[in-house]
Number of protein chains: 2
Amino acid sequence: MPDNGLVADIKNFPQLYNVLSDEDKEYLLANHSVKYFAKNEKIYREGDKPKGLLCLGSGKVKVYKAGIGGREQIVRMVAAPNFLGYRALFAEEAHIASAEAIEDCVIYHIPKDVIFKLIASNRKVCKNILKSFAVELGFTRYRTVSLTQKHIRGRLAESLLFLRDIYGFKDDNITLDVQLSREDIANFSNMTTSNAIRTLSTFVNEKVIAVDGRTIKIVDEPKLERISKLG
Amino acid sequence: MPDNGLVADIKNFPQLYNVLSDEDKEYLLANHSVKYFAKNEKIYREGDKPKGLLCLGSGKVKVYKAGIGGREQIVRMVAAPNFLGYRALFAEEAHIASAEAIEDCVIYHIPKDVIFKLIASNRKVCKNILKSFAVELGFTRYRTVSLTQKHIRGRLAESLLFLRDIYGFKDDNITLDVQLSREDIANFSNMTTSNAIRTLSTFVNEKVIAVDGRTIKIVDEPKLERISKLG
DNA sequence: GTACATTTGTGTTACATAACATATTTTCAT
DNA sequence: ATGAAAATATGTTATGTAACACAAATGTAC
């Protein structure tokens, strides 16, 4: 059992469980499995065929694609609770990205036919999945524009703000509640690791952020927003 | 009436009409409207609230976002028949992109409550929309990686191949069945207009394509694929 | 505790591409 | 037809960032 404080129970996955009828709840409880993934463990790989719907119950996950020359691009950072790897399932294709735990994770696996039955019997399930898609497509399109058009400083600032939006702060309201390597930060911001390190240093010098190892504090949020906006 | 040879009838929109029960078909026929858009006419704008589901019955549409300094980025090229502007509807947000007809278009408009009723009463409608989302999210993620990582030649080659995939060839099996300005090609390929023009010229010199005004012929398809792959 | 691998940090160089300038051609309104 | 505006074409320069090289710090295995 991972020691992340959360009970490994699909009842804690509101997007799905909370909208079901009592009958469907029973059906779901009897027809899903719980899986644990350790930090750095791969959850699925590009090319794998999805066998069902994954729900991230607790932990954090990065979803990334191999680009030109093996350079990896992180296309999604996932916080719990959230659907995972569902694009390939509903497109009826193989996965076009890989997913890796960046913290110990609990994942609920719902077989393909089970989730399709639930979608058919419950309109809210369908609506929630549609909404997840719609929100994620919006995010992805937004990112396409900013990753291609913003300069390094703007891209990095934006990425830090996204990490804040996705994972939030620790109790001090300033420390990002996620630990990433410089390489991950670079792959999320479409830049080389060198440039991510260099630009983080610049931000520290400008007192926009504070860095201690992999711990990042956002010291001057308005300024970071400004850097992100300006591009 | 636009002279595009297609009958303006939602019965010709298979993703939706073909999967409905007789009862739902009647309901849909009685509860939708048909709209015509001339070439270059805006269909919706960033910030508009969607009032229903749009279905592109005939014609061609570009969907684009305003980027840094007003620089526009085409995020989707749409061929008929296809859903349009549905992301904002299901995300329950305003449009984050604009849509413009690049040819005369026929568009069916289905009010919000009508489409949600159809989704609730028919599992195939839901499945088709989920699939549209899944496919488009896949496309968008793929694009994010190639637009950020490929070099100019690779990006342009890939864009031309996407136009082939989306709109196909004319009867000669070589001429792309879509007419775009150099600026649109640039905005679809994430480069300046100058560089789009320059690189198209290079491709012509290398006998990969042939250009006559806005008409583009793909002369050496394998070579174009190679340029796209290499990046 | 030492050796080794990995991650982080910094300076330098090379290069792709945006920005700019300008010319030419096409389109369109009158 | 004619002038104005828009689109297309091409050369030059400036600049941001990747690539490379290397050093220091940190983590890990034995």
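Values reported hereafter were calculated over all heavy atoms of this structure, with side chains retained and with hydrogens, waters and symmetry mates removed. Since this is a predicted model, take the numbers as computed values, not measurements. Proteins come first, then strands; the chains are lettered A, B, ... in the order of their sequence lines, and each starts at number 1.
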Item checked: Nearest-nucleotide comparison on DNA chain C, the residue closer to the 5′ end among A:Gly213 and B:Asn190 -> A:Gly213

Item checked: Exam field: side chain B:Thr202 to backbone B:Arg198, donor-acceptor pair closer than 3.5 Å -> yes

Next item on the list: Return the value, rounded to whole Å, for the distance between atom CG of A:Asn195 and atom P of C:dT7.
Entry: 18 Å

Check: Does a nitrogen or oxygen in the side chain of A:Arg214 sit under 4.0 Å from OP1 or OP2 of C:dT7?
Finding: no

Check: With nearest nucleotides of DNA chain D determined for B:Ile197 and A:Arg71 from heavy-atom distances, which residue corresponds to the more 5′ nucleotide?
Finding: B:Ile197

Next item on the list: May I ask you to say what A:Ser181 touches in the nucleic acid, namely base, sugar-phosphate or nothing, with a heavy-atom cut-off under 4.0 Å?
Entry: sugar-phosphate

Note to self: If the helix axis at each end comes from five base pairs, how far does the helix from C:dG1-D:dC30 to C:dT30-D:dA1 deviate from straight, to 10°?
What the structure shows: 50°

Check: Counting N and O atoms only, with roles assigned by atom type, does the side chain of B:Lys131 sit under 3.5 Å from a partner on the main chain of A:Glu92, one being a donor and the other an acceptor?
Finding: no

Margin query: Can you measure B:Ile152 atom CD1 to C:dA18 atom C1' for me and round it to whole angstrom units?
Written below: 9 Å

Notebook entry, point to check: OP1, OP2 of C:dA18 versus side-chain N and O of B:Thr192: anything below 4.0 Å?
Noted result: yes

Note to self: Can you tell me which residue among B:Glu103, B:Glu72, B:Glu41, B:Glu183 is in a salt bridge (charged side-chain N to carboxylate O under 4.0 Å, His left out) with B:Lys62?
What the structure shows: B:Glu72

Check: So which heavy atom on B:Ala80 is nearest to which on B:Gly57, and how close?
Finding: CB-O, 3.3 Å

Note to self: Can you measure B:Leu147 atom CG to C:dA16 atom C1' for me and round it to whole angstrom units?
What the structure shows: 16 Å

Side chains of residues 153-168 of chain A: which donor-acceptor pairs under 3.5 Å do they make with residues two or more places apart or in other chains?
residue, atom, partner, partner atom, Å
A:Arg153, NH1, A:Glu206, OE1, 3.4
A:Arg153, NH1, A:Glu206, OE2, 3.1
A:Arg153, NH2, A:Glu206, OE1, 3.2
A:Arg155, NE, A:Ser189, O, 2.9
A:Arg155, NE, A:Asn190, O, 3.3
A:Arg155, NH1, A:Lys150, O, 2.9
A:Arg155, NH2, A:Asn190, O, 2.7
A:Glu158, OE1, A:Tyr142, OH, 3.4
A:Glu158, OE1, A:Ser146, OG, 3.3
A:Glu158, OE1, A:Lys150, NZ, 2.5
A:Glu158, OE2, A:Arg143, NH2, 3.3
A:Glu158, OE2, A:Ser146, OG, 2.6
A:Ser159, OG, A:Arg143, NH2, 3.2
A:Ser159, OG, A:Arg155, O, 3.0
A:Ser159, OG, A:Ser189, OG, 2.8
A:Arg164, NH1, A:Glu221, OE2, 2.5
A:Arg164, NH1, A:Glu225, OE2, 3.1
A:Tyr167, OH, A:Val78, N, 3.2
A:Tyr167, OH, A:Val78, O, 2.8

Margin query: With heavy-atom distances below 4.5 Å as the criterion, would you say the side chains of A:Val211 and A:Phe203 are in contact?
Written below: no

Check: Which part of the nucleic acid does A:Ser194 contact within heavy-atom distance under 4.0 Å: base, sugar-phosphate only, or nothing?
Finding: base

Next item on the list: Heavy atoms of chain A, cut-off under 4.0 Å: which first and last nucleotide of DNA chain D, 5' to 3', fall inside that, if you could look?
Entry: D:dG16 to D:dC20

Next item on the list: Give B:Arg153 one of three labels, base, sugar-phosphate or nothing, depending on what nucleic acid heavy atoms sit under 4.0 Å from its own.
Entry: nothing

Next item on the list: Whole angstrom is fine here: how far is it from CG in A:Leu180 over to C1' in C:dT8?
Entry: 15 Å

Checklist line | Atom pair distance, as rounded to whole Å: NZ in B:Lys150 and C1' in C:dA16 | finding: 17 Å

Next item on the list: Working to the nearest 0.5 Å, report the span between NZ of A:Lys51 and CG of A:Leu89.
Entry: 12.5 Å

Margin query: I need the CZ-P distance between A:Phe203 and C:dT10, as an integer number of Å.
Written below: 15 Å

Check: Could you give the distance from CD1 (A:Ile110) to CG (A:Leu53), rounded to the nearest 0.5 Å?
Finding: 5.0 Å

Notebook entry, point to check: What is the distance, rounded to the nearest whole Å, between atom CZ of A:Arg182 and atom P of C:dT7?
Noted result: 12 Å

Note to self: Could you report the tightest heavy-atom contact between B:Thr175 and B:Thr215, atom names first, then the distance?
What the structure shows: CG2-CG2, 3.4 Å

Notebook entry, point to check: B:Leu156 has an atom CG; how far is it from atom P of C:dA16, in whole Å?
Noted result: 16 Å

Next item on the list: Taking the side chain as every heavy atom from C-beta outward, state whether A:Tyr86 and A:Phe133 have any atom pair closer than 4.5 Å.
Entry: yes

